[in-house]
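The figures here come from the full heavy-atom set of this structure, side chains too, leaving out hydrogens, waters and symmetry mates.
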Amino acid sequence: MANEAAHTSTIELKDGYGEVKIADEVLAIIAGLAAADVKGVASMAGNATRDLIEKLGWKSLTKGVRVQVDETSIRVAINVNLKYGFNVPDTCAQIQDKVKTALETMTGLEVTGVNIKIVNVVMDNDK
């Protein structure tokens with residue numbers, strides 16, 4: 001089996017022939033892609049190490065996303081850079097809804113929280 005050291009979550013399937021395990025990194029990727037798809041999100045915000053790795057050419061699809069997984073539920077913490085001019089509460093509500101829906105639809109696990117930290121506001125320089 002590949003890398004059993006990575007934390008995984010087991011999904012129970014009806015009439016399944018075995019078990020399905022999802023790595024926490026996959027959950028973070030799903031959450032990050034859903035959040036990045038919301039209008040008003042400029043980018044995901046990571047820590048300095050991840051930013052340096054990305055500048056060196058290695059992309060991190062989990063940038064700015066942390067997941068905490070229990071037996072049947074997920075809590076997500078997301079750091080985002082928002083575009084200037086977008087309503088913060090509305091944009092954050094859309095991020096929370098989109099991340100929750102994506103994770104629950106794709107994994108069947110319950111999302112008990114999506115916490116958002118706005119790290120930066122990005123100005124549009126194309127004007």
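- Annotation for Met44 and Ala36: closest pair SD-N, 4.2 Å, computed over non-hydrogen atoms.
- Listed by chain and residue number, Leu82, Cys92, Ile118 satisfy the side-chain contact (heavy atoms from CB on, under 4.5 Å) test with Val88 (two or more places apart in sequence, or in another chain).
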*asked:* Using the rule given for side-chain contact (heavy atoms from CB on, under 4.5 Å), can you reason through Leu27 versus Ile74, listing the C-alpha separation, both sets of side-chain angles and the distance that settles it, and then say yes or no?
replied: CA-CA 9 Å; Leu27 299 173; Ile74 307 168; 4.2 Å; yes

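- Here the CE atom belonging to Met123 is positioned 13.0 Å from the NZ atom belonging to Lys83, to the nearest 0.5 angstrom.
- Closest approach of Thr91 to Phe86, counting heavy atoms only: OG1-CB, 3.7 Å.
- Residues Val80 and Val119 fail the side-chain proximity criterion, which asks for heavy atoms closer than 4.5 Å.
- Both Val26 and Val20 are assigned to one and the same hydrophobic cluster, defined by single-linkage of ILVMFWY side chains at heavy-atom distances under 4.5 Å.
- Residues Val122 and Val41 are members of separate hydrophobic clusters, defined by side-chain heavy-atom contacts under 4.5 angstrom among Ile, Leu, Val, Met, Phe, Trp and Tyr.
- Side-chain contact between Val76 and Leu103 is present, with heavy atoms from C-beta onward closer than 4.5 Å.
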*So Lys21 and Glu19, side-chain contact (heavy atoms from CB on, under 4.5 Å) or not? Walk me through it.*
CA-CA 7 Å; Lys21 292 186 181 258; Glu19 63 184 11; 2.9 Å; yes

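- Residue Ile30 is grouped with residue Ile22 when hydrophobic side chains (ILVMFWY) are merged at heavy-atom distances under 4.5 angstrom, including chains of intermediate members.
- Pairing each heavy atom of Ile95 with each of Ala35, the nearest pair is CG2-CB, 3.8 Å.
- Taking every heavy atom of both residues into account, Ala31 and Val65 meet most closely at CB-CG1, 4.0 Å.
- Sorted by first and then second residue, the pairs that involve residues 23-44 and meet side-chain hydrogen bond (donor to acceptor under 3.5 Å, both in side chains), not counting sequence neighbours, are His7-Asp24, Asp37-Lys98, Ser43-Asn81.
- Applying the side-chain hydrogen bond (donor to acceptor under 3.5 Å, both in side chains) test to every pair with at least one member in residues 103-123, sequence neighbours left out, gives these pairs: Lys100-Glu104.
- Between the side chain of Asp70 and the backbone N or O of Ser73, no donor-acceptor pair lies under 3.5 Å.
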